[in-house]
Amino acid sequence: AVQNYDVVVIGAGGAGFAAAVEAKSKGANVVLIEKMPTVGGNSLISGAEMNVPNSWVQNKLNIKDDTPARMAADTLKGGDFQGDPEIVGVMTTNALPTAEWLRDTVGVNFEKDNVFQFGGHSRKRALIPEGHTGTEVITKFSALADKMGIPVITNMKAEELVKDKDGRVVAVKAISGGKEYTFNAKGGVVLATGGFGANAQMVKKYNPAIDERFKTTDAPGTTGEALYMAEKAGGQLVNMGYIQTYPICDPISGVIELIADARFDGAILVNQEGKRFVEELERRDVISNAILKQPGAYCYVLWNDNIGKISNTVKIHDTEYKTFTKQGIMHTSDTLKGAADYFHIPYANLKATVDRVSQMAKDGGKDLDFHNRGGLKDLSTGKYYIIKAVPSTHHTMGGLKINTKAEVLDKNGKPIPGLFAAGEVTGTTHGTNRLGGNAYTDIMVFGRIAGDGAAAEAKAR
Ligand code: ADP
């Protein structure tokens, strides 16, 4: 079957929806195809916080000195200066109008008087969607796409980009239920297929240090074949070896253990020997690597009610608490001995560790062993909470090289006519390390730019 459109968007995550809605609002006839049975990708399961300098929430909270330039400086530094300054500049200057568009046109509700400050950011600048996940954003996008008459076709996997004799991308070949479909794209194709963190083989190929020991926090569709599809069409892949792991994840499923965020308020990390081995507030990659060097390549996060009072994670993440407890990877005990015995950790060692931490806490909190920058907390009394944790693949920084118009560049740095890309499939923004809250800004800003560009080309042809 052959269908004709102005713009074909591949991948129904945040970047794809932004591109489709933008292109449609510019008058283009748009289709959005998605290989999975449901839409949303990683954008759906993400916390979906979005960094925006100078936002209305910052204003309300009296944070008056944030600027796109400040956010750009933080972003470049956070990626060890391997991100593209021009691309980062476009992201940060467009962050505010794009957030306003999400609020006013898409109808996304953001918390009105709270912003997050993720690691590496010099200001509190991340807007938080209602519910603290991407559900709010993707639900609103789905409803809007429906209202605008954009067909969103699930279970439809793009397999090939078709070029005409002049080298322009003019169609997408896709498969659904064993049948082949062709989607002609008069103006352009937007690749918004996400990263490859859930493809263990591909992760290992580009970064051999991240091998089978790692599970993933990612949505199951995050498998990156579309990167090979684009490479076949001449696209240039960059920064593919830069892959971010999240250190504290469920050893069974790989998902992030949000309950263990008690770590930000004083929970300690110990190994199977009951000994600490790393600063609990180090960079994600440093903690991940340290965990892999421990016996069994896992660790435990340990805290007590004294810390729980502050972080309150057991209450906030009640579903996790029940699931992890049932799975046997989390245990609650009135006594430290109970916590140690449950996981066969030598009690004498664990007691020595906890005694030393509590002593340092009493002496003012200064951590003489691992320099925990938050300071140590008293762990001398129960209840105790202990959870087993491993690092998981989280975000792939590498991908297609694009320019500031979201055009995909070939190996000589020249745009491939008719081919645009936005979101985690691109590799130009984050350098070695993506900062928290920057993925959403990136995918929304460049999703819109890509949709706009493809719609303009459809008009011009
Ligand atoms: P981003 O954050 O960049 O928007 P997401 O992971 O949220 O990325 O969304 C990417 C979407 O693209 C996912 O829903 C994924 O299932 C989909 N996808 C990936 N490869 C293909 C493909 N070849 N054809 C159609 N959809 C794809």
Side-chain angles (χ1 to χ4, degrees), residues 8-22 31-50 91 98 102 129 133-135 137-139 141-142 145 151-161 171-177 180-183 185 189-199 202 216-233 235 244 393-400 402 406 420-430 434 437-451:
V8 177
V9 181
I10 311 174
F17 270 113
V21 165
E22 183 68 28
V31 67
L32 176 55
I33 66 172
E34 165 58 52
K35 71 175 178 183
M36 300 301 280
T38 51
V39 299
N42 270 350
S43 301
L44 179 72
I45 60 171
S46 154
E49 291 86 9
M50 173 175 177
M91 172 175 87
T98 302
L102 283 172
T133 75
T135 303
V137 183
I138 296 300
T139 307
F141 263 128
S142 292
V152 179
I153 308 174
T154 52
N155 289 311
M156 180 64 75
K157 183 176 184 191
E159 296 229 301
E160 192 189 334
L161 299 169
V172 177
K173 279 195 179 150
I175 298 268
S176 181
E180 193 177 284
Y181 294 78
T182 299
F183 295 89
V189 171
V190 177
L191 280 168
T193 48
F196 59 98
N199 183 338
M202 196 166 168
T216 182
T217 65
D218 288 0
T222 317
T223 45
E225 319 82 9
L227 285 160
Y228 291 134
M229 174 175 82
E231 196 179 31
K232 224 164 141 193
Q244 183 173 82
T393 305
H394 185 50
H395 187 100
T396 47
M397 273 70 72
L400 288 164
I402 57 166
F420 298 81
E424 198 178 346
V425 72
T426 66
T428 20
T429 312
H430 308 292
R434 175 185 63 84
N438 269 3
Y440 247 77
T441 314
D442 184 41
I443 68 178
M444 292 302 160
V445 166
F446 283 99
R448 284 184 84 195
I449 292 174

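Order of appearance sets the numbers: ligands from 1, and atoms from 1 within every ligand. Just the heavy atoms: all of them, side chains too, but no hydrogens, waters or symmetry mates, feed the values below.
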J.: Of all the non-hydrogen atoms in the protein, which one sits nearest to atom 25 (C) of ligand 1, and at what distance?
T.: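 The closest one turns out to be Lys35 N, 3.3 Å.
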
J.: Would Thr193 and Lys157 count as a side chain to side chain donor-acceptor pair (under 3.5 Å) if you check the C-alpha gap in whole Å, the side-chain angles of each, and the deciding distance to 0.1 Å?
T.: CA-CA 10 Å; Thr193 48; Lys157 183 176 184 191; over 6 Å; no

J.: Hey, what do you get for OG1 (Thr428) to CG (Leu400), rounding to the nearest 0.5 Å?
T.: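 Reported value, rounded in 0.5 Å steps: 8.5 Å.
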
J.: Could you verify whether a donor N or O on one side chain and an acceptor N or O on the other, from His430 and Asp442, lie under 3.5 Å apart?
T.: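 On atom types as modelled, these side chains qualify, holding a pair under 3.5 Å.
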
J.: Quick check against the 3.5 Å criterion: does Asn42 have a side-chain atom that pairs as donor or acceptor with the backbone of Ala219?
T.: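 A pair under 3.5 Å: yes.
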
J.: For ligand 1, is there an N or O atom under 3.5 Å from any N or O atom of Ala15?
T.: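 Yes, since at least one N or O of Ala15 sits under 3.5 Å from an N or O of ligand 1.
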
J.: Taking a cutoff of less than 4.0 Å between a non-hydrogen atom of the residue and any ligand atom, is Glu159 in contact with ligand 1?
T.: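 In this structure, Glu159 fails to qualify as a contact of ligand 1 - no heavy atom is under 4.0 Å.
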
J.: Report the residue from Thr223, Leu227, Thr222, Thr216 that forms a side-chain contact (heavy atoms from CB on, under 4.5 Å) with Phe196.
T.: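 In the set Thr223, Leu227, Thr222, Thr216, the residue that makes a side-chain contact (heavy atoms from CB on, under 4.5 Å) with Phe196 is Leu227.
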
J.: Classify the contact between Thr193 and ligand 1 as side chain, backbone, both or neither, using a heavy-atom distance cut-off of under 4.0 Å.
T.: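 Near ligand 1, Thr193 shows its backbone as well as its side chain.
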
J.: Which heavy atom of the protein is the closest neighbour of atom 9 (O) of ligand 1, given with residue, atom name and distance?
T.: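 Ranking protein heavy atoms by distance from atom 9 (O) of ligand 1, first comes Gly13 CA, 3.3 Å.
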
J.: Answer whether the closest heavy-atom distance between the side chains of Lys35 and Ile175 falls below 4.5 Å.
T.: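 No, their side chains stay 4.5 Å or more apart.
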
J.: Applying salt bridge (charged side-chain N to carboxylate O under 4.0 Å, His left out), can you list everything that pairs with Glu22, at least two apart in sequence or on another chain?
T.: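 Counting only residues at least two positions away or on another chain, Glu22 forms a salt bridge (charged side-chain N to carboxylate O under 4.0 Å, His left out) with Lys26, Arg448.
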
J.: Should you measure from each heavy atom of Gly40, which atoms of ligand 1 turn up under 4.0 Å away?
T.: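 In order of number, 7 (O).
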
J.: Quick one: nearest non-hydrogen protein atom to atom 15 (C) of ligand 1, plus distance?
T.: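 Ranked first by proximity to atom 15 (C) of ligand 1 is Glu34 OE2, 3.5 Å.
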
J.: Give the residue and atom name of whichever protein heavy atom lies nearest to atom 12 (O) of ligand 1, and the separation in Å to one decimal.
T.: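 For atom 12 (O) of ligand 1, the nearest protein heavy atom comes out as Gly11 CA, 3.1 Å.
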
J.: Specify the protein heavy atom at minimum distance from atom 8 (O) of ligand 1: its residue, its atom name, and the distance to 0.1 Å.
T.: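 Among all protein heavy atoms, the one nearest atom 8 (O) of ligand 1 is Gly194 CA, 3.4 Å.
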
J.: Show which atoms of ligand 1 fall inside a sub-4.0 Å distance from at least one heavy-atom site of Ala192.
T.: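 Near Ala192, the atoms of ligand 1 are 10 (C), 11 (C), 12 (O).
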
J.: Just distances here: any N/O of Lys157 and N/O of ligand 1 closer than 3.5 Å?
T.: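 Not met; the criterion fails.
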
J.: Does Ala219 have a heavy atom less than 4.0 Å from any atom of ligand 1?
T.: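 No, that is not the case, since the closest heavy atom of the residue is not under 4.0 Å from the ligand.
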
J.: Between ligand 1 and Ile10, can you find any atom pair, the residue atom being a heavy atom, that is separated by under 4.0 Å?
T.: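 The answer is yes, since Ile10 has a heavy atom less than 4.0 Å from ligand 1.
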
J.: Should Glu225 be counted as touching ligand 1, given the test is an N or O pair under 3.5 Å?
T.: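 N/O-N/O distance under 3.5 Å: no.
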
J.: Is it the case that the side chain of Ser43 and the backbone of Gly13 share a donor-acceptor pair, with hydrogens and angles ignored and the cut-off at 3.5 Å?
T.: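 It does not hold such a pair.
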
J.: Ligand 1 and Gly14, any nitrogen or oxygen pair closer than 3.5 angstrom?
T.: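 Yes.
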
J.: Examine distances only and state if a side-chain atom of Thr133 and a backbone atom of Thr135 form a donor-acceptor pair shorter than 3.5 Å.
T.: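 Side chain of Thr133 to backbone of Thr135, a donor-acceptor pair under 3.5 Å: yes, one is there.
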
J.: Could you see which bit of Ala174 sits under 4.0 Å from ligand 1, with heavy atoms only: side chain, backbone, both or neither?
T.: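 Near ligand 1, Ala174 shows nothing, with every heavy atom at 4.0 Å or more.
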
J.: Applying salt bridge (charged side-chain N to carboxylate O under 4.0 Å, His left out), run through Lys232 and Glu160 and close with a yes or a no.
T.: CA-CA 9 Å; Lys232 224 164 141 193; Glu160 192 189 334; over 6 Å; no

J.: Do Ser142 and Val39 make a side-chain contact, defined as non-hydrogen atoms from C-beta onward lying under 4.5 Å apart?
T.: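 Yes, side chains in contact.
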
J.: Please identify which atoms of ligand 1 are closer than 4.0 Å to at least one heavy atom of Gly423.
T.: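 Answer, ordered by atom number: 3 (O).
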
J.: Output yes when the distance from some N or O of ligand 1 to some N or O of Ser43 is under 3.5 Å, and no in every other case.
T.: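 In this structure, Ser43 places an N or O atom under 3.5 Å from an N or O of ligand 1.
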
J.: With respect to Ala158, determine whether any N or O atom, backbone or side chain, lies less than 3.5 Å from an N or O atom of ligand 1.
T.: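 In this structure, Ala158 places an N or O atom under 3.5 Å from an N or O of ligand 1.
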
J.: I would like to know whether Met156 and Glu34 meet side chain to side chain contact (heavy atoms under 4.5 Å, CB included); could you show each step before the answer?
T.: CA-CA 5 Å; Met156 180 64 75; Glu34 165 58 52; over 6 Å; no

J.: For atom 3 (O) of ligand 1, grab the closest protein heavy atom and report residue, atom and distance to one decimal in Å.
T.: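 That would be Glu424 N, 2.8 Å.
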
J.: Is there a heavy atom in Gly195 that sits closer than 4.0 Å to ligand 1?
T.: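 In this structure, Gly195 fails to qualify as a contact of ligand 1 - no heavy atom is under 4.0 Å.
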
J.: Output all residues satisfying ring pair (Phe, Tyr, Trp, His ring centres under 6.0 Å) with Phe17, sequence neighbours left out; order by chain, then residue number.
T.: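 Ring pair (Phe, Tyr, Trp, His ring centres under 6.0 Å) check on Phe17 returns Phe141.
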
J.: Would you please test Met91 and Asn438 for side chain to side chain contact (heavy atoms under 4.5 Å, CB included) and show each step?
T.: CA-CA 9 Å; Met91 172 175 87; Asn438 269 3; 4.0 Å; yes

J.: In terms of atom number and element, which parts of ligand 1 are under 4.0 angstrom from non-hydrogen atoms of Met36?
T.: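 Selected atoms, number and element: 16 (O).
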
J.: Heavy-atom distances under 4.0 Å are what count here, so tell me which part of Asn42 touches ligand 1: side chain, backbone, both or neither.
T.: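 Near ligand 1, Asn42 shows its backbone as well as its side chain.
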
